[in-house]
Each structure stands twice: as C-alpha cells, then as structure tokens.
Amino acid sequence: MLKMEKRDRNLLIIVTLMLVFAPFLLNPFPEGSVMAQFNAGYPDLMQRFVIFGIFAIGFNILFGLTGYLSFGHAIFLGVGSYAAIWMMKLLTMNVIPAIIMAIVISGIFALVIGWISLRRSGIYFSIITLAFALMSFALAYSVLTPITGGETGLQPKAADLRILDAPLAAGSTPRANLFGLEMSSSYKLEIGNWLFTFSAGYYIAAVMLLLSFYLSIRIFRSPFGMMLRAVKSNQQRMNYTGLNPKPYTLAAFVISGMYAGLAGGLMVAMDTQVGPERMFWTASGEVVMMTILGGAGTLIGPVLGAGLIKYMENIISKINASILHEWFYWLPDGLENLLVTVIYPFIGKGWHLTLGIIFMLVVIFLPGGLVEGSQKIGALIRRKLDRGKDKAKSSKSTKPAE
Amino acid sequence: MSILEIKNVNMRFGGLQALDDVNLNVVENTVHAIIGPNGAGKSTLLNVLVGKLIPDTGSVMFDGKSVLGRAPYEINQMGISRVFQTPEIFGDLSVLENMMIPCFAHRDGAFELNAVASVTSQKDIIAHAEHVLEEMNMAEKRHMHASALSRGDKRRLEIGMCLAQEPRLLLLDEPTAGMARADTNNTIDLLRQIKDERDITIAIIEHDMHVVFSLAERITVLAQGKPLVEDTPDNIKGHPKVREAYLGESADT
Ligand SMILES: Nc1ncnc2c1ncn2[C@@H]1O[C@H](COP(=O)(O)OP(=O)(O)OP(=O)(O)O)[C@@H](O)[C@H]1O
Ligand SMILES: [Mg+2]
C-alpha cells in the first residue's frame, strides 16, 4: 500500500515534519518584538492554512490534471459546512459524523453539478460553474432559509436535538470535540520570550491534510491520474482510443468536490458556525488563485499557494500606519513619511492590492507558480555549485601539466 | 469475407452532396485504398466510419454490427482504430505514457476508476507498451515529451498507439501527407511490416500514388462523393475513367 516513488515519499515526509512542527516554524519571532506580528503560529491561522490547503489540493485534482477550470468549488465548501452543522445539531458535537457527512453530501452535490456542467468544456464549463455558484449563494442566503439559516447562518445551540449527546444546561455553548477532546483545547509552551501553542483542532486538521495529500499523490501516480492528464492533453485522441473522457472528468470533479466538502466540514469543526458568504463566488475564485499561485498540476503547489494567500490575508492586513511609522522611525522624518505614504495603500485593507500584484508577477514570469520558482532557484544554485566544482577540478587537473 | 460493409450512404452539408449513395465493401485482411481528388469526400467517409459524423441515410456494418449512432470510443472498442491527417497524440505526456494509454483502453475498456494502484505497478501494461515501442523503433525515445518528436516520429507513435489496441480495422487518413520522401518510404515499410505480421485490415486514404500502388490490394476511386470504380491496382492504373477523373487532375496539383 505504502509503496511510493522515493521523490514522493520524501515530499510526504517533509510535509509531515512541517505539519508537526508548524507551531514552532510559524512562530520564529519572540513575543513583544517588532517582528512578532509576522508570527503565524497561532491556532486559528494554522487551522486555516491546513483547511484551505485541503481545499486547494482537491481543486488541483480537477484543474491541475484535467484543465477544467471551475468557478464554483466554494459551493462544496459551503455544502460541507452546512452538512456538518446539521450533524452537530441533530446527532452529536463529536466531529466525526460531521466530517463524514460533509464529504458525502458535498460529493452528491458535486455529482449533480458536475454532470450538468461537464456537458460543455472550456470557457462554457467555467461559466456554468459560476452560474451554479451564484445560484447556490442565493439559495443559501434566502430561498432555503429554513435549512441554511439565511443571512445569519447556523450554529449549534444548547437546546438542539442532538440525540447521541447528553442534554446541555440551558445557556451553555456546545463545543465541538473528538470523543471528548475539545477542538479549542490547546497546550501552551513558553521558552524564554517565545510562546508556542499546540492546538488539538490544528493537529486533527493536520492529520486530515496529511491523508488528503497522500491520497492526492496516489491519484497523481495512478492510471486514473494519467487518464486525467490525457483529458487535458487531447480529448479527441482519447475518444478515438476507445476511452470515454466524460466519466473520468466527472470522477475528478466529484473527488475535488469531496475534498472541498471535507474542508468545509473541518471549518465547522474548528469554528462551529456557517453563513452563506462561505459559498460566495469570490471564495471560489480564491481557490483558483491559490492553485495557480502555488503551481497547478504540481503536488505541493496548491498547499503553498493556500498558505501564502492566507498568510497575507491575515498578516499584511493587520499592518497599519502606526506600525509602519514604528518600522521606519530611524529614517529622517520627510523620508519616513514618504515611505509610509507609498506603502500604506498596500497594507491593511489594501492587502488585496499586494496579492494582485504578486499574482500577476507569478502568472507572467512563473507560469508554473511558486513550485516552478523554487525549482528555478534550485537549478541556479546547483549550476553555481557545479561550476565551482568544475573550476576546482580543472585547476587540479592542469597542475601536472605545468 | 467483408469486414466492413457500407451501403447507400448519403451525407449532405447544406447544398453540397459530400457523399452520394456510397456503396463499398472492405475485405478482411486486405489493404484497401480510397483515392480521389480534393474534396471528393474521402475524409467525410472516414468520419462516418468512426462515428464523428452521422450520415443522412444508409448503413455501415462492421463485422456484422452497425456502427451508426455509436460514440467514437464505442466504435473504437469494437475494433476500429484511426490515424489522423495531422498526428493526434498526447503532446503533454511522455512517449511511453502515450503508448500506455491505448494499452489501458485495450485492457480495461472505456472507463475504469483505477485511482489507487500506481502506474509503475502495471507491469503488463508497461511491457505491452514497450514492446510496441520497440516494434516502432522508438524504444530509445520512450522518455521524451511527445510534443518534442519530429513529425515523422509523431506519425509512427500514432500508428503504434493504434496497433497497441490490436484493432481489426486500421483507418489511415493521408498518413504521408507533408512528409519528406525518406519518411514516406519509412512509413510504407512500416505499414507493409504491419500487414505482413498481423491479422489486420487496413483502409487507407492517400494522395501519393507511390504509396497507394506500393501497398494497396484493392482501390476505390471516389469523385464528387460517388465511388467511380473499384478494382486492383493494375487495372486502376490503366482505367480511362480514372485517368480522366483523378490521375489527370492530380498531375496538375
Ligand atoms: N463539416 C463540414 N461542413 C461542411 N462542409 C464540409 C464539412 N466537411 C467537409 N465538407 C465539404 O465536403 C466536401 C468533402 O470534403 P472531404 O474533407 O471529405 O474531402 P477529401 O476527399 O477528404 O479532400 P482532401 O483530399 O482535400 O482531404 C468538401 O467540399 C468539403 O468542403
Ligand atoms: Mg481529407
């Protein structure tokens, strides 16, 4: 079962290590230092990294392999979340049924939406999925209010049915847990000025990401994955080679929808609430950006893209003018003010501007995304090293001749 | 024994009668050439055979079963493989992967959700694909990107991909169009070898008379959507009607 190519196994090991040590890796700066606001090692953000990583890994199975660009995948994120909340309202606050139902229900939605959307390809497919995204939001926002809670959304209440759990005291808040282990519980470790937080919710989500990533490697390396790349490469040849591209593409659509459902279910497990904005079409656009930014069609790219975007959303958006002044206080006043004025539009609420610029630069200069970027840097370093070695060699070998 | 029976097939594009009451039989294990001037309807006929076009009237029977109304992949699974006028391969995949895909189609059918096993564990498929690559003299190019192949090699690969499915009928649409003389001769040799070594029926559309007369056992001449004559190569060469309708014209172009 675990038989993998060495390269893939190494990647899996690296991802595992990074997930395990993320609370350290993402908190490199001591508390109270100027740089502390660049720390990302707090549970809420780490959970978001992991959950959106799962979302993007799944999206990449559809978009990266088959080339079909869906603008509606946040639908399945939302469906997963609603399904999970309902499990928590009706069955139990244990996250297991919530997560399983999130995957199953979003899979069913993906089957229906995919079956309809895949009647067309290219831009028409994308437009149909976008239309589904708009409709789903409208349904959740108003039409289906009895099921979705409309504009305000849903959250578990103490008085909910919850047939498997013991009844809660009126007024208490139901907490998501895994057989009693609460998602929000955490262990804090202080070393000198550093503070590291290990959250139960984060590690549970991280295990899910690891499983998702492992499954994605298997799919990429399987005959099914090869067929998906064939769909992207030449559907005409596929048809005339006795292969029906339609069910292959639909299977990829459903699998990626189930990944999105898992992500949606985990969101609810971490923070027990959902609103219709979760399936707004911009959320679908975000996962497209994550995948392309990191490197569509690569294994690790989508995770990197998701991490970068969520990091910027949370960290850059928190920088404000006074923080900028703090950074540049050592400059002459005129220069300090000028610099702050220039940078100001790109921080805080303006983080979208920064993201947009980075996205454009990547798409224009690194169409393969961050993964291609790191490969290029790697190749450059290797070439430098090789040249160094060659020089050393040639200087040695010329010696005897002298 | 006819493996392919085309009866009273008509196909209209607007005001143009592209196929005009075509009747044609292809005998099993022969090479049958279809020739004719530009716009005669040769490619249209081929598109009808593989399910890309549905004719207005008529019937097409392959091995006693009708192909009309079936999707291209179903017709292919019945045993008809097609080589295109411009090579259609999987440009983003390696040469070996290109060859493995028809092997999967041959083994697993039109759809198989094989998402857990790794490709490298499919030893029978890899062996089959490498065997065909060797036959095609392309084994040393197996790790190349297919889009980086020369045009002649792309054509070889495409023919190999069709053969990997062990089809009963191989359809070729101008396989040597745009090829240099040397590549054309290589392709003739390859097709001869295929014909000698396998139980296979080949139907070939070709403009190049050198190719036609080196390979074909039967020739049908198509002009303005109508079969003009059908005979052996020797008789076709001397046929006055053919000279007038086709050979004379092709000498001008
Ligand atoms: N899809 C189509 N729609 C309209 N007209 C078409 C279509 N396909 C072919 N035709 C016309 O039908 C006629 C026959 O075309 P076809 O491609 O079958 O000729 P051909 O014998 O293959 O010619 P060539 O030797 O140039 O390949 C031509 O006049 C062509 O313009
Ligand atoms: Mg033609």
Side-chain angles (χ1 to χ4, degrees), chain A residues 1-9 12 58 61-62 64-67 111 118 211-212 214-256 258-259 296-297 299 368, chain B residues 46-47 50-52 71-84 86-94 96-122 125-126 145-147 157-158 161-162 164-167 171 173:
Chain A
M1 248 320 255
L2 270 158
K3 230 174 82 182
M4 298 170 103
E5 273 177 50
K6 208 169 165 197
R7 205 161 39 115
D8 295 336
R9 192 173 332 127
L12 194 64
I61 290 172
L62 177 69
L65 289 178
T66 72
L111 186 66
L118 286 168
L211 289 175
S212 303
Y214 172 70
L215 188 64
S216 144
I217 294 179
R218 301 296 306 208
I219 290 175
F220 265 64
R221 303 297 180 226
S222 72
F224 173 64
M226 197 157 96
M227 294 301 168
L228 296 183
R229 286 188 294 133
V231 167
K232 184 178 185 176
S233 185
N234 192 340
Q235 285 202 41
Q236 161 125 315
R237 184 23 94 200
M238 242 185 130
N239 266 310
Y240 293 100
T241 306
L243 294 162
N244 188 358
K246 187 78 170 287
Y248 283 107
T249 322
L250 184 57
F253 193 96
V254 172
I255 291 171
S256 72
M258 290 165 83
Y259 268 86
L299 283 167
Chain B
L46 213 71
N47 286 335
V50 297
K52 194 173 187 182
Y73 70 87
E74 290 173 315
I75 294 175
N76 174 279
Q77 289 284 357
M78 290 168 75
I80 303 181
S81 282
R82 171 183 185 176
V83 172
F84 284 80
T86 41
E88 292 278 354
I89 53 173
F90 300 107
D92 305 328
L93 273 58
S94 76
L96 179 61
E97 286 173 326
N98 265 272
M99 197 55 90
M100 286 168 76
I101 286 175
C103 297
F104 277 116
H106 182 60
R107 191 189 73 179
D108 299 338
F111 174 68
E112 169 90 31
L113 190 63
N114 195 351
V116 182
S118 80
V119 168
T120 43
S121 72
Q122 312 286 302
I125 297 281
I126 294 174
H145 229 241
S147 61
L157 176 61
E158 194 189 20
M161 288 164 71
C162 289
Q165 297 190 281
E166 289 162 26
L171 303 173
D173 193 353

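In what follows, chains carry the letters A, B, and so on, assigned in the order in which the sequence lines appear, proteins first and then strands, with residues in each chain numbered from 1.
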- Task: Check each atom of I89(B) against the heavy atoms of chain A and say whether the ones under 4.5 Å are side chain, backbone, both or neither.
- Result: backbone
- Pairs of heavy atoms under 4.5 Å with chain B: top-ranked of E5(A), K246(A), K232(A), M227(A): M227(A)
- Message: Below 4.5 Å, heavy-atom pairs only: which of M161(B), Q165(B), R82(B), H106(B) has the largest tally toward chain A?
- Response: Q165(B)
- When rounded to the nearest 0.5 angstrom, what is the spacing between CZ in F111(B) and CG in L250(A)? 8.0 Å
- Query: Can you tell which of P72(B), A115(B), C162(B), A105(B) has the highest number of heavy-atom pairs within less than 4.5 Å of chain A?
  - Reply: A115(B)
- Can you name the nearest heavy-atom pair linking P223(A) to A117(B), along with the distance? CD-O, 3.3 Å
- Sorted by chain and number, sequence neighbours left out, salt bridge (Lys or Arg N to Asp or Glu O under 4.0 Å) with D92(B) holds for none
- Quick one: what part of A230(A) sits under 4.5 Å from any heavy atom of chain B, side chain, backbone, both or neither? both
- Note on the structure: Looking only at N114(B), V50(B), I125(B), the option with the highest number of non-hydrogen pairs under 4.5 Å against chain A is N114(B)
- In Å, rounded to the nearest 0.5 Å, how long is the span from CZ of R221(A) to OG1 of T120(B)? 9.5 Å
- Partner set under ring pair (Phe, Tyr, Trp, His ring centres under 6.0 Å) for F104(B), not counting sequence neighbours: none
- Task: Indicate yes or no for a side-chain donor-acceptor contact from Y248(A) to the backbone of L113(B) under 3.5 Å, with no hydrogens or angles considered.
- Result: no
- Do M238(A) and Y73(B) have side chains that get closer than 4.5 Å, going by heavy atoms? no
- Between Y240(A) and N76(B), which heavy-atom pair has the shortest distance, and what is it? O-ND2, 2.8 Å
- In terms of heavy-atom proximity below 4.5 Å to chain A, should Q122(B) be classed as side chain, backbone, both, or neither? side chain
- Item | Residue M78(B) versus chain A: region with a heavy atom under 4.5 Å | neither
- Just by distance, do the side chain of E88(B) and the backbone of R237(A) share a donor-acceptor pair under 3.5 Å? no
